[in-house]
Number of protein chains: 2
Amino acid sequence: MADSKKDELKQQVIIGAREYGIGSVLFRHMVGEKLGVNVTDMECLGLIFLKGLATPSELGRYAGLSSGATTAMLDRLEKSGLIERRPNPNDRRSTLIAIVQARAAQIAPLFASLRQAQDALLSSYSEAELEVLVDFFRRSVVMWEEEREKLSKKQTEE
Amino acid sequence: MADSKKDELKQQVIIGAREYGIGSVLFRHMVGEKLGVNVTDMECLGLIFLKGLATPSELGRYAGLSSGATTAMLDRLEKSGLIERRPNPNDRRSTLIAIVQARAAQIAPLFASLRQAQDALLSSYSEAELEVLVDFFRRSVVMWEEEREKLSKKQTEE
DNA sequence: CTCTATAATCAAGATACTTGATTTTCGAGA
DNA sequence: TCTCGAAAATCAAGTATCTTGATTATAGAG
């Protein structure tokens with residue numbers, strides 16, 4: 001029981017990270033409601049916001065969609081004027097999805113308070129502490145990638 | 001530009017946290033594939049795993065489902081033998097959803113490597129550093145809650 | 001002890017998703 | 001350079017999932 005305190009802290013981090021994810025998912029759902037888009041479309045829209053540009057394949061992979069469903073999802077978002085399909089200069093089979101600039105300005109207010117709150121929260125940490133956070137996320141992202149790789153190779157044994 | 005370094009760190013934390021969430025979503029999708037359940041059902045299953053017990057309302061809220069879709073989702077998971085509905089002693093209108101123990105043992109191997117990797121990653125931090133992480137998540141969870149509250153009250157003005 | 005609100009369920013109709021085929025382009029190798 | 005298998009996006013038909021509105025049962029406020 002020597003390390004029980006550290007073990008407990010580790011457990012709290014794991015659960016805390018999961019709850020953080022849940023909180024952010026619920027927030028995006030609510031934004032989606034305001035925008036009148038469904039859960040799938042909102043998740044993709046969120047990813048496009050984060051990345052600036054994204055390919056359909058990428059979005060489909062993230063949302064767990066087939067290629068057909070991905071096309072349909074983009075059709076919906078395009079029809080509602082939220083995104084646009086642009087040519088992908090690196091691959092003419094593909095397209096690049098972007099937020100329509102005019103709509104982005106209308107959407108921004110929904111995130112204004114969030115941004116402020118996030119900024120205020122993070123400002124309370126020292127640079128050294130922030131670096132701990134950055135380091136944790138950076139290494140974790142790599143870990144998730146590795147674990148997906150392992151899982152995909154794992155046979156559905158017995 | 002005095003605080004540009006700290007500002008950049010803050011930005012990296014925000015993006016890092018989002019990418020962490022994306023990584024974990026993709027991982028769960030893959031687990032869902034292995035188990036033969038769709039994305040919605042897998043997200044709910046993940047939440048049940050985290051919480052131990054959950055009510056249908058809670059799961060529906062998390063997955064962004066109507067009450068009817070929630071019932072259907074539970075029917076599917078129940079029929080596939082993954083979860084069971086138990087009476088809720090605190091509210092007889094409700095039920096408590098739990099993982100079927102026998103199946104939990106079969107599912108655990110899918111998470112074994114992940115748990116190890118998470119443990120190894122977190123072990124590399126000092127207790128003080130872990131406390132920074134725990135604190136960040138704890139406060140962020142509250143922030144998400146507050147921001148959802150604000151957003152729900154926000155009129156779709158102009 | 002009402003009465004309103006909330007939890008879960010169900011059935012019918014609407015929406016979104018999967019599958020398989022098609023078109024276009026990429027990139028590896030002869 | 002040219003071929004050819006693979007990958008990106010799209011489409012149409014069939015299937016699965018979701019929403020809506022009604023229903024039943026219970027909780028909790030007054």
Side-chain angles (χ1 to χ4, degrees), chain A residues 25-26 28-30 32-48 51 53-98 152, chain B residues 25-26 28-30 32-48 51 53-80 82-98 149 152:
Chain A
V25 163
L26 292 176
R28 284 194 296 281
H29 287 178
M30 199 165 269
E33 243 175 73
K34 297 274 174 197
L35 294 177
V37 305
N38 69 32
V39 171
T40 299
D41 297 4
M42 185 59 220
E43 281 303 303
C44 291
L45 203 56
L47 190 60
I48 302 167
K51 303 207 46 164
L53 292 170
T55 65
S57 307
E58 199 173 7
L59 295 169
R61 211 174 311 123
Y62 169 56
L65 297 175
S66 64
S67 60
T70 301
T71 296
M73 175 270 293
L74 292 171
D75 288 347
R76 289 192 299 271
L77 285 175
E78 193 174 44
K79 193 156 80 175
S80 69
L82 288 162
I83 61 112
E84 59 188 11
R85 289 169 158 106
R86 295 183 188 167
N88 184 342
N90 299 323
D91 186 341
R92 279 189 293 175
R93 293 168 302 179
S94 176
T95 58
L96 289 178
I97 309 302
S152 75
Chain B
V25 162
L26 292 177
R28 285 194 295 281
H29 285 178
M30 201 166 271
E33 244 174 70
K34 297 274 175 196
L35 293 176
V37 305
N38 69 32
V39 171
T40 299
D41 297 5
M42 184 62 220
E43 280 304 302
C44 291
L45 202 57
L47 189 61
I48 302 167
K51 304 208 46 166
L53 292 171
T55 66
S57 306
E58 198 172 6
L59 295 170
R61 210 174 311 123
Y62 169 55
L65 297 176
S66 64
S67 60
T70 302
T71 296
M73 174 271 292
L74 292 171
D75 288 346
R76 289 192 298 272
L77 286 175
E78 194 174 42
K79 195 156 78 174
S80 69
L82 287 162
I83 61 112
E84 59 187 11
R85 289 169 157 105
R86 295 182 188 169
N88 185 341
N90 300 324
D91 186 342
R92 277 189 296 176
R93 293 168 302 180
S94 175
T95 58
L96 290 178
I97 309 302
E149 184 63 21
S152 75

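Per chain, numbering begins at 1; letters A, B, ... match sequence-line order.
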Visitor: Output all residues satisfying side-chain contact (heavy atoms from CB on, under 4.5 Å) with A:Asn88, sequence neighbours left out; order by chain, then residue number.
Guide: A:Thr55, A:Asn90, A:Asp91, A:Ser94, A:Leu96
Visitor: Can you measure from CG (B:Leu65) to SG (B:Cys44) and round to the nearest 0.5 angstrom?
Guide: 6.0 Å
Visitor: Among residues 64-71 of chain A, which ones have heavy-atom contacts with DNA chain D below 4.0 Å?
Guide: A:Ser67, A:Gly68, A:Thr71
Visitor: So do the side chains of A:Arg85 and A:Asp75 get within less than 4.5 Å of each other, counting heavy atoms only?
Guide: yes
Visitor: Would you say a side-chain N or O of B:Arg92 is under 4.0 Å from OP1 or OP2 of D:dA25?
Guide: no
Visitor: Mind checking whether B:Thr70 and B:Met73 have side chains closer than 4.5 Å, heavy atoms only?
Guide: yes
Visitor: Just the rounded figure in Å: distance from C1' of C:dC10 to CE of B:Met73.
Guide: 16 Å
Visitor: Not counting sequence neighbours, which residues clear side chain to side chain donor-acceptor pair (under 3.5 Å) with A:Glu84? List them please.
Guide: A:Arg86
Visitor: Hey, is the side chain of B:Arg93 pairing donor to acceptor with the base of C:dT6 inside 3.5 Å?
Guide: yes
Visitor: Counting heavy atoms from C-beta on, name the nucleotide in D:dT26, C:dA16, D:dC18 closest to the side chain of A:Arg76.
Guide: C:dA16
Visitor: State whether B:Ser94 places a side-chain N or O below 4.0 Å from either non-bridging phosphate oxygen (OP1 or OP2) of C:dT6.
Guide: no
Visitor: With respect to the phosphate group of C:dA16, does any side-chain polar atom (N or O) of A:Asn38 fall under 4.0 Å of OP1 or OP2?
Guide: yes
Visitor: Apply side chain to side chain contact (heavy atoms under 4.5 Å, CB included) to residues B:Leu35 and B:Asp41 and explain how you reach the verdict.
Guide: CA-CA 10 Å; B:Leu35 293 176; B:Asp41 297 5; over 6 Å; no
Visitor: Only counting residues at least two apart or in another chain, list the ones meeting side-chain contact (heavy atoms from CB on, under 4.5 Å) with B:Ala72.
Guide: B:Arg76
Visitor: Could you list the residues that satisfy side-chain contact (heavy atoms from CB on, under 4.5 Å) with B:Val25, not counting sequence neighbours?
Guide: A:Tyr62, B:Arg28, B:His29
Visitor: Tell me which residues in residues 77-91 of chain A lie within less than 4.0 Å of DNA chain D, going by non-hydrogen atoms.
Guide: A:Arg85
Visitor: Atom CG of B:Leu59 and atom P of C:dT9: how far apart are they, to the nearest Å?
Guide: 11 Å
